[in-house]
Structures are given as structure tokens and as C-alpha cells.
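Since the structure comes first, as C-alpha cells, the remarks are kept for the end.
The model shown is predicted, which means the values in this text are computed figures rather than measured ones.
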Number of protein chains: 2
Amino acid sequence: MAVTIKDIAKYAGVSVTTVSRALNGYPDVSEETRERIKKIAEQLNYTPNSIARGLVTNKTHTVGLVVSELIKPGAYHPFFLEVLAGIKAGLRKDKYDLILFTVDPESQDATSYEKLCNDRKVEGAIVEGLRLSDPYIKEIEKTQIPTVLIDIPILTDKVGYVSSDNVQAAFEATSYLIKLGHRNIGFINGHGDAAVSFERLEGYKKALEKNNIPYKEEYVVFNDFTQEGGYNSFKTLVFEHPKITAVFHASDLMAIGSFKAAKDLGMKVPDDISIVGFDDIELASLITPGLTTIRQDTFKMGYNAAKHLLSIIKGEKPQHILIPHKLVIRDSARKI
Amino acid sequence: MAVTIKDIAKYAGVSVTTVSRALNGYPDVSEETRERIKKIAEQLNYTPNSIARGLVTNKTHTVGLVVSELIKPGAYHPFFLEVLAGIKAGLRKDKYDLILFTVDPESQDATSYEKLCNDRKVEGAIVEGLRLSDPYIKEIEKTQIPTVLIDIPILTDKVGYVSSDNVQAAFEATSYLIKLGHRNIGFINGHGDAAVSFERLEGYKKALEKNNIPYKEEYVVFNDFTQEGGYNSFKTLVFEHPKITAVFHASDLMAIGSFKAAKDLGMKVPDDISIVGFDDIELASLITPGLTTIRQDTFKMGYNAAKHLLSIIKGEKPQHILIPHKLVIRDSARKI
DNA sequence: CTGAAAGCGCTTACAG
DNA sequence: CTGAAAGCGCTTACAG
């Protein structure tokens, strides 16, 4: 039913070999023949069968996007969309298509990462939202499938990653609070199953150290990046350590949870407590007071992830790609 | 390099025919042979080549998701993620994979809908976020590719759609305001390029009519579903018609824009003006005052879209599938 | 219950 | 510059 190169060959009075070569831009076809074939192909409304081509070339021109916990309101949720848009943009020029896989810990046990990719013959994959304890992590450490991770530091022969400079970003956010005069700075961090949590903690410590402020372990709490997490952590943190005048958060969602908790406790932001977030999600500029936070360029993260994956597929060496961030100052932190 | 049924056949001492049949569960293979072949396949870590299979069966077990304007902060942005999660859930059981296409008006001119789908041999597609003026709309009206639209009413031989009952939902929202005592109710509607805008307008009118409140055209403004849109529309609407005591919005984003505009104008919500939104995005419950709005079950929209697409692919008749909505009462509208 | 053979639509050495 | 032929990994009548 669909028209094939065989049909074209018949109409043109040439062999399928010649049709194939003409359409694929090989040099060893006379211009005249090529033009004739092209015209016929167009008239017949021919579209090449990518499946058939894929079978012989063993290339599918497809990459996978492996996402964990797509709609759980966790760490990656708020900017998944922008990362995705970036990925699509990065794939566009090379005309790679994207096939979406969603996984959770159980599905990872059921189907290995290699199998997931091989079943669909993707040439490589971008992986996002995995926890360090997820089964795929170990697999990816030794896979030969070109892979780019987002926010998970694994670097091998075939695996690279993109991320913000989380250490530096947390350093800047904390330093900013110190510059405003704060000395007792709490840190509501993400969960311990995310690489970024450790990096941000390092940045936080670095800033304290540089300013000769002793690090107090009890000022740091771990939670799950969500609004509820922030809400709960804030309440206990502030209750147990009334000297705290500012709280840095590993996500905007948690910072917003703290807004709510502060309100419930009768505290005003930033008058009674200064708050700084991380991510710069859309909401950050919409709430009152505007949330001071670290902006991650999530579109660029996706874009670079895609570009880098394509280069790994082409045989280039995987890298760690740093995406610039920026401290966005709004009204939720004040000088004391 | 990868192991094929040929390899298995050799090891098992049978023909590839038998291997194929054994692995695919055909009945005409002796149990003993089947078990032996299965075991060998497992030992060899065999995964079938879906490409090769696709070539002969002409089935790819893949559907497309065609999305327009992925990250433009427009109408669909806020709940794209949940729809997507619903789609993935709906596809899971039948093991269909999803390939993501993003389009804009230009790309639609460059590549027809049919070509987009045929190039990748998807068996059908879910389409989301298109404007009524988009080129694909006309194409989809006469396509033979199984298609399910979200929020766009096209029903043909091969095309169905899912949506909320927008007329009824707008009717309920408006009726609620009327019940609270409001008589001068503004309506900040979406743009005229969305089918839902007309449906919601109809519901708004119906509620007025039922309560013998004359419909005033000047109380209705169209904008683009975004926060800025709401902001601007609110300012002019309230300025030109000071008698208005309540405003219904075709999106939460616009309602939130109105929150901001009201604040700028020195008006308090709900004391000076009652506000009702549409969608129930996450933000609606996070802002102060909580936004009274219509909740759309976006996960279900995606889930049903996927299920329905699969049924159309199997030859069943396309339908219009209605997804239940719900008026969520919070604090942004008050009795007068 | 099993196998030989054709064929899905393409690409690519190889030969001329 | 062009074509005949093999082959990618599978499925499926057909025959036995």
C-alpha cells in the first residue's frame, strides 16, 4: 500500500539500488537520474520506511529519555518540562526522535536498563530523576550504551552527565546570607539519595568556613525536596534552634513550604526569618514575598544533555558538563 | 553481535521457524521443544529485535504524542506533566511505547501530520495543545491515522477526543458565584483559538440565563490563558466596570494574574473582589487566599486518551470521552 | 509438531 | 554511472 523504492524504481526504469543512492545523496549518480528519481518520489508521495532502514543500518535515529517518578511532586517535577523542551531542541538538528520511558524502582528490577534500551533499539539515552539507590545506577556505571545523566555524577567510557555547579551555587547562596549579616543559618537539604544534596551541603559548609562561622550539624536537616518536607523541617528546625535567622533550602518547593510554616508560626518573611531557595521555578517570582533563590538553567541542561549524548553516540568522549547558575535576589531575605 | 533467533536455532538444533513460534507462544510447538528453546534464549540473553519484527508485521507498538508549544507558559503547560503521566499509565498494560513530537505552526507547515506519523511508523497519536488555527487541525479532520485529541472536538472515523465537560464546569463555577450573591460577574476567558473557550463561555451564559441575569458582552474579555493575560484583562475589566464584584477565569494562571492586579489596585481578595479559576493547578492551593476553582482530572484525561487510542487502533469506534471535573471551594470567593 | 522458503523495505559491497 | 545480489532479523503461509 505505501509506496516503496521498488515502486519508484519501476516508474523510473532503474534499479532499486540507484533509487536508494539517488535519494540518499550518494555522489555516484548522474544528476539527471537523481532529479528524475526525486521528482517521481515526490509525485508518489514517497516516505522512506525508517524501520526497514533501521534494520539494515542498525541505526534507529532514536534516543530514549528515562525518567523516574514523573509526577511525584519531588525534586525533578518542577522543571522536568523545561529540561524536556531543552532536550527536544538539542535533538532537532540531527533529527533524532525521543522515546519516553518512565521507570520506578520496581520496574527497574523487572527490566534492566540494557534491556529497556535494547528492546527499542535506542542509540543512547538521557536519564533523569533517578535516586542513587535505584538499581539502574549500578547498571549505568558499567553500561556500554551511550548515556547522559542529569544531576547524577557518573563518568565512564560511554556515560557522561550534566549538572549545575551545586557546590558553588550553595556556596553563593549561603555567602549571600552571611553578607546580609546572618550567622545562624539553617539548611533544609534534599534527601540523601540525591547527589546534589551532598554537593549543596559542601557548598554550604564552605561558605561558613570561609567566613569563620562554625558548622553546626544540628542546623542541617534532610528532607525530600517537597513543599511538605520544607514545611515540616522548618517547624522543627526553628523550634529547636530559635537563634536561626535565615534558612537556605535545597529546593524552591521546600522554601515555599517554609513560607507556609513561618506564617503558621506567626513569623513574617523576611522580617523575622530570611529564606533562600534553589531552582527558581515559576512560582518563585509569583509568590509574596518574591523568593530569593538560585536559578538553574534547566532548558540548557536538557539542551546540553541532548547534544552531548549525540556526540557520545558519534564516538566522542563523555564529559561532565557544567551549566551556569545564578543567584536571583528577590525579597525573601533581608539584611540584619 | 546481538544474539538472534538464528543463533538460538543453531544451539537448539531446530529451525528458526520453530524458534519464532516457540518464543511467540504459538500452540503448534511441543512443550518440550518450547521449554528447551526458551531456556536457551534466556541463557543467551536473547532480546527480540523489535525493528525486524516491525518490518514484517508492520506494527511498531508505538504511538506518538504530538504536543504544541511545550514550554510556552500557555494553557496546557501547567498540566502537561500530569496528562503525560496518565498517558504513560494508560499505555503500560499493552506495552506500547511513546514517542514525543513537539510542533509549532511552522513545523506543521514543513511536515504534514501524516508524514510525521508515517516517518516513524507510529500506529496512532495523541494530540495536545494545538490551536484551532493550526494547520494540523484540518489534516486531522480527514486523517486515517488513529488519533485522540485532548480538548479539541473532532470526531471522525478514526479520530476521537477527551475533554472535561467545559460547558457544565463553567456553568457550575458561575452558578456558585451567583449563589454567593454576585450579580455582576466578569469572565476572563481564554483565547478564541481554543475550543474550550467557547464551551466555557456557553456555560457562563447558561448560568446567567438560568438566574435571570442579563448577559453583558462587555463583561467578557478574551486573553491567552497566561498569568500576564489575566493581569492585564483584570485591570481593564475592573476599571471599566466598577460594578463587577466577581470574576470567573478560564485558567488558574489568569486568576493568579488577577490576584496580582487586584493587589496593585489596592483591592483585597475576596473582600473587594471574588475570584474563581479553572484547572486547579498545584499553585491554586499554595497561594493565599486559596483559589476557588474547577478541578480537571488531567491524569485521567491522559489515561483515557491512551486507552481510547489503543481501542481505535484495534478497530473500535472513536468517541468523545468526558472526564469528570469538580468545583473546589477555597477562599478566593465570598458571599455578598 | 517441524522446516524450507519467501518476503517485509531498505542498504551496500561487488562487478561491470 | 548503474545493476544484480546478498543480507539485516524476523514472521508466516505452505507443505509435509
Checking A/S163 now: which residues fulfil side-chain hydrogen bond (donor to acceptor under 3.5 Å, both in side chains) with it, not counting sequence neighbours? A/H320
Residues that A/E106 engages under salt bridge (charged side-chain N to carboxylate O under 4.0 Å, His left out), provided they are two or more places apart: none
Expected output check: what is the dot-bracket annotation of DNA chain C, where ( ) and [ ] are pairs inside the strand (brackets for crossing ones), | is paired with another strand, and pairs are Watson-Crick or G-U under 3.5 Å? |||.||||||||.|||
Over how many whole Å does the gap from A/I8 atom CD1 to C/dT11 atom C1' extend? 15 Å
Among residues 38-54 of chain A, which residues get a heavy atom nearer than 4.0 Å to DNA chain C? A/Y46, A/P48, A/N49, A/A52, A/R53
Can you tell me which residue pairs pass the salt bridge (Lys or Arg N to Asp or Glu O under 4.0 Å) test with a partner in residues 39-60 of chain B, sequence neighbours excluded? none
Got a sec, which residues hit side-chain hydrogen bond (donor to acceptor under 3.5 Å, both in side chains) with A/T156, two or more places apart in sequence or on another chain? none
Side-chain donor-acceptor pairs under 3.5 Å in residues 84-96 of chain B, sequence neighbours left out?
residue: B/K88; atom: NZ; partner: A/L100; partner atom: O; Å: 2.8
residue: B/Y96; atom: OH; partner: B/E123; partner atom: OE1; Å: 2.7

Euclidean distance, atom CG of residue B/N24 to atom C1' of D/dG9 [Å, nearest integer]: 13 Å
In whole angstroms, the gap separating P of D/dG9 from NZ of B/K10 amounts to 12 Å
Within a reach of under 6.0 Å around NZ of A/K300, are more than 12 heavy atoms found that belong to other residues, nucleotides or ligands? no
Sequence neighbours excluded, which residues qualify as side-chain hydrogen bond (donor to acceptor under 3.5 Å, both in side chains) partners of A/E139? none
Sorted by first residue and then second, give each ring-ring contact (aromatic ring centres under 6.0 Å, His included) pair with at least one member in residues 4-38 of chain A; sequence neighbours left out. none
Which nucleotide in D/dC8, D/dC10, C/dT12 has an atom nearest any side-chain atom of B/I5: D/dC10
Among all residues two or more places apart in sequence or in another chain, which pass the side-chain hydrogen bond (donor to acceptor under 3.5 Å, both in side chains) test with B/D119? B/K115
Rounded to whole angstrom units, what separation is found between the NE2 atom of B/H61 and the P atom of D/dC10? 16 Å
What's the closest nucleotide to the side chain of B/S20 if the choices are C/dT11, D/dT12, C/dG9? D/dT12
Roughly, in whole Å, what's the span from NZ in A/K121 to P in D/dC10? 8 Å
Choosing from C/dT11, C/dG9, D/dC1, which nucleotide comes nearest the side chain of A/T33? D/dC1
Walking DNA chain C from its 5' end, the first of B/R34 and B/V56 to be reached, judged by nearest nucleotide, is B/R34
Does a side-chain N or O from A/T4 land closer than 4.0 Å to OP1 or OP2 of C/dC8, or not? no
Consider only side-chain N and O atoms of B/R120 and A/T62, and report whether a donor and an acceptor are under 3.5 Å apart. yes
At a cut-off of 3.5 Å, list every protein nitrogen or oxygen paired with a nitrogen or oxygen from nucleotides 3-5 of chain C, distance to 0.1 Å.
residue: C/dG3; atom: OP2; partner: B/S15; partner atom: N; Å: 3.0
residue: C/dG3; atom: OP2; partner: B/S15; partner atom: OG; Å: 3.2
residue: C/dG3; atom: OP2; partner: B/T18; partner atom: OG1; Å: 2.7
residue: C/dG3; atom: N7; partner: B/R21; partner atom: NH2; Å: 2.9
residue: C/dG3; atom: O6; partner: B/R21; partner atom: NH1; Å: 3.0
residue: C/dG3; atom: O6; partner: B/R21; partner atom: NH2; Å: 3.0
residue: C/dA4; atom: N7; partner: B/T17; partner atom: OG1; Å: 3.4
residue: C/dA4; atom: N6; partner: B/T17; partner atom: OG1; Å: 2.7
residue: C/dA5; atom: N6; partner: B/T17; partner atom: OG1; Å: 3.3

Using atom CG of A/L55 as one end and atom P of C/dC10 as the other, report the distance to the nearest whole Å. 12 Å
Looking at residues at least two apart in the chain, or sitting in another chain, which of them share a ring-ring contact (aromatic ring centres under 6.0 Å, His included) with A/Y113? A/Y136
Checking the side chain of B/T147 only, and the main-chain atoms of B/I145 only, is there a donor and an acceptor separated by less than 3.5 Å? yes
For the pair made of CD in B/E35 and C1' in C/dC1, what is the distance, rounded to whole Å? 16 Å
For the pair made of NZ in B/K59 and P in D/dT11, what is the distance, rounded to whole Å? 14 Å
